[in-house]
Each structure stands twice: as C-alpha cells, then as structure tokens.
Amino acid sequence: MRGRVLALVAVAVGVSSIAGALEPIFIPVKIDGPVHDPPNGTFWYGPFAEGVAVFDVNGDGILDITCGANWYQGPDWRKHGDYRSGAGRSGEFISDNGEFPLDVDGDGRLDLISSGWMANGVFWYRNPGRAGVRWEAHKIMDSVQTEGFIAEDVDGDGDPDLLINHWDPAPDQGVTWIENRAGGAFLPHVIGTDGDTHGIGLGDLNLDGRKDIITPRGWYEAPEDRATGTWRFHADFDAGRQLGIRMIVYDVNGDGLPDIICGKGHDYGLFWLERLPGGPPLEFERRVIEDSLGQFHTLVLADVNQDGRPDLVTGKRLRGHGGDDPSSFDPLGLFWYEIEAGGLVRHVLAFNHVVWYPGAEERNPPPNCAIGTGMNINVVDVNGDGRVDIVVAGKSGLYLLENRGSPPTPRMDRPRQAEP
C-alpha cells in the first residue's frame, strides 16, 4: 500500500486528474513562530500555540487572527501580546486545544472560546472592545484531559453549541455537548461514557435529519429532543485509537449513504469508513487514503478549489507527543484532498522533510518554513479577494497560506533593486 503514496504526490503537484481543472496556488506567509534558543528552553518546534481563529477582533472591518495569548491585527499582522489568560506553557506545548469566535454575551462583539489539556475547564474570553484591556476569562464547565472541541449546532436551534473531546476517560466525565443559551449561559449535557476517548465527530449518520455524535468506538443516535432525550449508543464500529478531531461524516463515494473520514492523530494513517447498505446495525468497511503519513490530528471539510464541492483539509501535527509518536520524525505536510466517487486525491499545500532535531545542530540550521497542523484549521477568505485562504497554527509557527488563484496567477509587484 505504501507505494501508492508516490503516485499521489505526482498528481498533487500538477493538474487535478479528477476535476480536469487547474488547482489554486497557495503562497505561505509566516506570521509568527517560536524563537530558536535552546539554552533557554525554546526551539523552532515550540513552545507555540496550536489553536487559531480568524475574525474581526477590534471591530474595524478587517479580519484579524488570534493564536494562544496573542492576536495579530490585519492586514499587516501586527502582534498584540498577552491579551488573554489560559494559554500557559508546559515544555514545548502551549495549553491551547483550539479556538472559536462567538458573540457569547450578545453585545455585538465576537468573543473567543478555547480549552487546553493542561488546565481544567472550557472557557470563553470576553472581548472588551477596547485596546489594551485584557480579555476576562469565564469558565463554561469543568473538564480535565480535554483534547479539543467542535463548535457547531448540535440541537438544531440555529446557533453553535460545543462538543467536547477528552483524550482519555476520567471519573465523573463522559461524552459531553454544551448547549449554547442566550446571554452567555451554557448548559452541559453528558450523554454517556462509551467512546469518551481521543477523537470525536458530528453528523447525520442514520439520515433522520438530526446530527449524531461520532466516537472512535461507535456513535450516539440523536433523539428528537437533544437536550432532554436519551442519546442511544451504537457500537457498530471500532475505528481505532487516538483519532483526529474531527471525525467527518460525509458521503465519500456518492452512494447516498454517509461515510466517516478518520485520521490517526498520533500514528500513521488516514482512512474512511464506507457505510454499507442495510441495517440496523450499521455496517462499515475500512478504505485507506494514506498509510505512509501520520499524525492527522486535525481534519476539516472546506471547498478549497471553489468548485462547489467540499474538499478535505488536513496534515501532520508536529510532535504531538513531544516526539514520542510513530511518524514524529517524518516530513511535515499540509494537504487538501479532492473527493470524487470514492477517491481522495492529495494536493500538496506544504511539504518539508525536517532533519534538524536536538543533538543534530551541526547538520542543518532550524527551518523557517516547516508548516504543520495544530489543533484546528481555518479556511476563509482573509484578504477579501474572493478566494479562500488557509490559516494554520502549529508548534513550528503561525502561517497564512494565501490563495493566489489558478494559473496563470497575477504578477506580484515588488520594489526594484538599485542598479549596481
């Protein structure tokens, strides 16, 4: 199976063989990154925040970026440091398992929701609407061993709720979704302990019009009243350990049945579970996408080439367990996959074989453009040119991948150098 990856790389650098259209060109822009200063305990691979959000922080009509304790003012990405708490350091890690903008208190300003595995709790941070004022932290709920969350409408009332993921079971915890109520109120719902482990998803798996909750060890069927009804657990599959966030429900092969796209967050592998006709119980068959790449900790669906169909965006997380995972010392990569009739064709956004690690200082200097994924990926038109860009943060830094369009791309004006 491993030889098939080389063939995919050849497709990725050229014209899409599926859609027959030119693919967009993305130019990486490094916004910030960790300082490589080994004597003081900082390296090119961290500490640096792995959560990131894109929204208008200061209300000037221009998109900004938040990443850990800092926010970056668009369009030139001027850095504002230490604007909030809850993003502390532990070795090469920052306690930031994802970020999502939401006007929690209804004052017309977007606030921020975040969590971190080093601290107990899921929090929202109030946007004060004034420069230089620290954002006040409000705990939404206690939550230990929190790996991340999904912000999406769970109960069908039109506003985003929160679906929390724990990397390991803990006493008095379970699979939890948090109901978003008006005026900054949240109500947690613990629906069960089955499947409360690394990896979570949300989508209508049984085609009843309601979003079900997907875990690595089965799925919870959404009741008609999601807040008061019983979420019934179905152990119809076992997708493996330490899966990425999120597990994506999508009809990959176009047969009208929802499938599940999964990545291994701390091992090799990207695959999808094909739902077979019939049931209940639901039956699935595993289909390999990648078996020679690893640490697909973050997955998102977005229309990258803007052909009206969603694509898969994912990549390798850098040193998810501090270098202890299989694939930790393999090349970093950030990719998008075009989905068509059961095939996923890989397109390379960034790919770099990092060969510098502690003890090998004399071999190569620290790279400046090693782009990996962190805890969430943003696909959004950052500069308002009508094309979607990609913003990603990982332990190697914060990057904007600017969409230059399909070839031929416009010329880039640059200052002329003086004649010698």
Side-chain angles (χ1 to χ4, degrees), residues 143-150 152-156 161-179 188-253 255-289 291 296-299 301 342:
S143 180
V144 298
Q145 302 178 170
T146 309
E147 185 70 13
F149 63 91
I150 294 171
E152 193 171 311
D153 185 8
V154 175
D155 55 12
D161 306 296
L162 303 176
L163 177 59
I164 305 303
N165 187 221
H166 302 115
W167 58 262
D168 202 33
D172 302 319
Q173 290 192 160
V175 176
T176 304
W177 72 276
I178 304 174
E179 184 181 354
H189 299 273
V190 180
I191 64 173
T193 57
D194 291 312
D196 185 26
T197 187
H198 197 302
I200 200 81
L202 185 69
D204 184 4
L205 199 59
N206 59 352
L207 298 175
D208 66 356
R210 300 187 290 270
K211 292 180 182 178
D212 308 299
I213 293 176
I214 317 301
T215 83
R217 297 171 184 166
W219 62 289
Y220 285 91
E221 182 179 352
E224 186 171 352
D225 188 328
R226 271 75 94 199
T228 62
T230 299
W231 292 72
R232 183 184 171 196
F233 184 74
H234 302 270
D236 292 344
F237 57 84
D238 186 342
R241 298 179 63 252
Q242 296 184 326
L243 297 188
I245 305 165
R246 61 191 287 171
M247 300 171 67
I248 295 174
V249 177
Y250 182 73
D251 181 6
V252 174
N253 56 2
D255 65 354
L257 298 175
D259 310 299
I260 307 172
I261 304 174
C262 307
K264 291 188 177 181
H266 295 280
D267 204 339
Y268 287 97
L270 180 67
F271 59 96
W272 59 286
L273 301 177
E274 179 185 0
R275 182 181 159 187
L276 304 178
L282 305 186
E283 295 185 25
F284 296 85
E285 189 164 334
R286 189 186 189 97
R287 308 293 187 190
V288 174
I289 303 170
D291 59 2
F296 292 99
H297 204 283
T298 304
L299 301 88
L301 279 187

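Computed from a prediction, not measured in an experiment: that's the story for all the values here.
Nearest approach of Ile200 to Leu163, heavy atoms of both residues: CG1-CD2, 3.6 Å. Nearest approach of Asp251 to Leu257, heavy atoms of both residues: OD1-O, 3.2 Å. In this structure, Ala170 and Val144 approach most closely via the heavy-atom pair CB-CG2, 3.9 Å. When every heavy atom of Gly195 is checked against every heavy atom of Pro216, the shortest pair comes out as O-CD, 4.0 Å. When all heavy atoms are compared, the tightest approach of Cys262 to Leu299 is C-CD2, 4.2 Å. Annotation for Ala239 and Leu273: closest pair CB-CD1, 4.0 Å, computed over non-hydrogen atoms.
The environment of CG in Asp225 is crowded: more than 12 heavy-atom neighbours from other residues, nucleotides or ligands sit within 6.0 Å. Atom CZ of Arg226 has more than 12 heavy atoms from other residues, nucleotides or ligands within 6.0 Å.
No side-chain N or O of Gln173 forms a donor-acceptor pair with one of Asp196 less than 3.5 Å apart. In the model, Ser143 has a side-chain atom that pairs as donor or acceptor with a side-chain atom of His166 under 3.5 Å.
Between His297 and His266, the angle of the ring planes goes over 60°, which puts this pair in the perpendicular group of the 30/60° scheme.
In this structure, Asn165 contributes its side chain and Gly148 its backbone to no donor-acceptor pair below 3.5 Å. When atom types are taken as modelled, the side chain of Tyr220 and the backbone of Asp194 share a donor-acceptor pair closer than 3.5 angstrom. Between the side chain of Asp259 and the backbone N or O of Val252, at least one donor-acceptor pair lies under 3.5 Å. Counting only distance, with no hydrogens or angles, the side chain of Asp236 and the backbone of Leu282 share a donor-acceptor pair below 3.5 Å.
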* Take Gln242 and Asp267, measure what side chain to side chain contact (heavy atoms under 4.5 Å, CB included) needs, and give me the verdict at the end. => CA-CA 8 Å; Gln242 296 184 326; Asp267 204 339; 6.0 Å; no
* To do: Start with the C-alpha distance between Ile164 and Trp177, add both sets of side-chain angles, then the distance that settles side chain to side chain contact (heavy atoms under 4.5 Å, CB included), and finish with yes or no.
  => CA-CA 6 Å; Ile164 305 303; Trp177 72 276; over 6 Å; no
* Could you check Leu202 against Val154 for side chain to side chain contact (heavy atoms under 4.5 Å, CB included), going step by step and ending with a plain yes or no? => CA-CA 8 Å; Leu202 185 69; Val154 175; 4.0 Å; yes
* Under the side chain to side chain contact (heavy atoms under 4.5 Å, CB included) rule, what do Asp168 and His198 come out as? Steps first, then yes or no, please. => CA-CA 6 Å; Asp168 202 33; His198 197 302; over 6 Å; no
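A distance of 9.0 Å separates CZ of Arg210 from CH2 of Trp231, quoted to the nearest 0.5 Å. Here the straight-line distance linking atom CD1 of Ile213 with atom OG1 of Thr215 works out to 9.5 Å at 0.5 Å rounding. Here CD of Glu285 is found 6.0 Å from CG of Leu276. Values are rounded to the nearest 0.5 Å. Rounding to the nearest 0.5 Å places CG of Asp204 at 9.5 Å from NZ of Lys211. Note that CG of Leu162 and CZ of Phe149 are 6.5 Å apart. Values are rounded to the nearest 0.5 Å. Going from atom CD1 of Ile261 over to atom CD1 of Ile248 covers 5.0 Å, rounded to the nearest 0.5 Å.
Geometrically, Arg275 does not engage Phe284 in a cation-pi contact defined by less than 6.0 Å to the ring centre and at most 45° from the axis.
Applying the side-chain hydrogen bond (donor to acceptor under 3.5 Å, both in side chains) criterion to Asp161, with sequence neighbours excluded, gives no partner residue.
At least one side-chain heavy atom of His189 sits under 4.5 Å from a side-chain heavy atom of Glu179. With a 4.5 Å cut-off on side-chain heavy atoms, Leu270 and Lys264 do not count as touching. For the pair Leu301/Tyr250, a side-chain contact is recorded, criterion being any heavy-atom separation below 4.5 Å from C-beta on.
Checked against the 6.0 Å centroid threshold, Trp219 and His234 count as a close aromatic pair.
Glu274 and Arg286 are not joined by a salt bridge, as no carboxylate oxygen comes within less than 4.0 angstrom of a charged side-chain nitrogen.
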